[in-house]
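Everything numeric here is computed off the predicted structure, so don't read it as measured data.
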Amino acid sequence: MKEITFREYRNIDIMIWTVITVVFEILTTVATIKWFSQQPVALSITLAMICAVMMRWNGYGALMAVAGGFATCIVSGASAQQYVIYCVGNIFALLAWLIIKWLGKERIAEKFMARLLYVAVAYVSMAFGRWLVSLVFGGDLKALLVYLTTDIISLLFAVVIVHILSKCDGMLEDQKTYLFRLERERKEAEGTADADDGYLL
């Protein structure tokens with residue numbers, strides 16, 4: 001069986017995460033419309049997907065931001081302005097990269113409070129980004145408060161999902177580091193097996 005290159009692995013992985021983001025964003029948006037249409041809240045998986053993919057592939061998290069915003073707008077029958085606000089504004093969540101640079105991916109993956117800070121910064125940055133873009137279309141300060149409050153359930157949702165992913169080996173780990181670790185562990189296991197065989201002989 002032909003081994004895939006690192007680039008092929010990355011592209012396949014990102015494609016899978018993008019599909020997951022779009023499918024579940026559609027489902028959560030439909031759920032919001034059906035069950036919370038009269039409430040000033042929204043349910044979205046996009047924040048969680050951005051945070052996960054940033055940990056795995058750094059800036060490629062922007063693809064989740066755009067894909068999630070696009071899926072939300074399609075299902076909700078958004079205007080052209082809303083497409084721009086959500087697709088572009090969501091990308092500001094990548095400002096949480098500053099937390100990654102400060103704390104490091106390993107610490108975020110291992111410590112709950114670090115993960116909480118990471119997700120919270122992504123959340124606030126995304127809301128701020130949507131607000132900044134909305135200013136182009138006549139938005140005001142009230143819009144910022146709306147973006148910060150209506151997605152509060154999505155923030156809790158993201159914290160739970162990122163926490164669960166952190167408990168799964170490699171899911172919240174830089175993928176280049178992860179693959180190197182697997183290769184090192186494989187070689188160590190083979191070395192141990194060879195040593196055991198030599199002892200038995």
Between K176 and N58, a side-chain donor and acceptor under 3.5 Å: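 The criterion, which ignores hydrogens and geometry beyond distance, is not satisfied for N58 and K176.
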When you look at L98 and Y118, which way does the side-chain contact (heavy atoms from CB on, under 4.5 Å) test go after all the steps? CA-CA 9 Å; L98 296 174; Y118 170 58; over 6 Å; no
What closest approach, in Å, do I99 and I108 show between heavy atoms, and which atom pair accounts for it? O-CD1, 4.1 Å
How close do S125 and A93 get, heavy atom to heavy atom, and via which atoms? CB-CA, 4.1 Å
Could you pull out every donor-acceptor pair under 3.5 Å between side chains of residues 63-71 and any protein atom, sequence neighbours left out?
none

Can you tell me how far [atom2] of [Y] sits from [atom1] of [X], rounded to the nearest 0.5 angstrom?
{"X": "I152", "Y": "L43", "atom1": "CD1", "atom2": "CG", "result": "12.5 Å"}
{"X": "S154", "Y": "Y123", "atom1": "OG", "atom2": "OH", "result": "7.0 Å"}
{"X": "R115", "Y": "M55", "atom1": "CZ", "atom2": "CE", "result": "8.5 Å"}
{"X": "K187", "Y": "L182", "atom1": "NZ", "atom2": "CG", "result": "12.5 Å"}
{"X": "C51", "Y": "L94", "atom1": "SG", "atom2": "CG", "result": "9.0 Å"}

So that I can tick it off, tell me whether R56 and D13 are bridged by a salt bridge, with the cut-off set at under 4.0 angstrom between side-chain N and carboxylate O. yes
Got a salt bridge between R186 and E183, using NZ or NE/NH1/NH2 to carboxylate O under 4.0 Å?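 Yes, this pair counts.
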Taking distance alone, no hydrogens or angles, what donor-acceptor pairs closer than 3.5 Å link side-chain atoms of residues 133-148 to residues at least two apart or in another chain?
unit_1	atom_1	unit_2	atom_2	d
S134	OG	W131	O	2.6
D140	OD1	K142	N	3.1
D140	OD1	A143	N	3.3

Is there a side-chain contact between V75 and V30, using heavy atoms and a 4.5 Å cut-off?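 Side-chain contact under 4.5 Å: yes.
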Would a distance-only check, ignoring hydrogens and angles, find a side-chain to backbone donor-acceptor pair under 3.5 Å from [X] to [Y]?
{"X": "Q82", "Y": "S76", "result": "no"}
{"X": "S166", "Y": "H163", "result": "yes"}
{"X": "E8", "Y": "T5", "result": "yes"}

N11 and R7: side-chain contact (heavy atoms from CB on, under 4.5 Å), yes or no, with the steps? CA-CA 6 Å; N11 292 342; R7 182 176 182 179; 3.9 Å; yes
According to side chain to side chain contact (heavy atoms under 4.5 Å, CB included), who are the partners of [X], at least two apart in sequence or on a separate chain?
{"X": "F92", "answer": "L95, L132"}
{"X": "L27", "answer": "V23, F24"}
{"X": "E173", "answer": "T177, Y178, R181"}

Please assess E25 against S44 for the test side chain to side chain donor-acceptor pair (under 3.5 Å), listing each intermediate value before the final yes or no. CA-CA 6 Å; E25 189 62 32; S44 171; 2.8 Å; yes
Where does the angle between the aromatic ring planes of W57 and Y60 fall among parallel (under 30°), tilted (30 to 60°) and perpendicular (over 60°)?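 Geometry flag for Y60 against W57: perpendicular rings.
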Does anything in residues 83-100 pair up under side chain to side chain donor-acceptor pair (under 3.5 Å), and if so which pairs, sequence neighbours excluded?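 Listed once each, the pairs are N90-R130.
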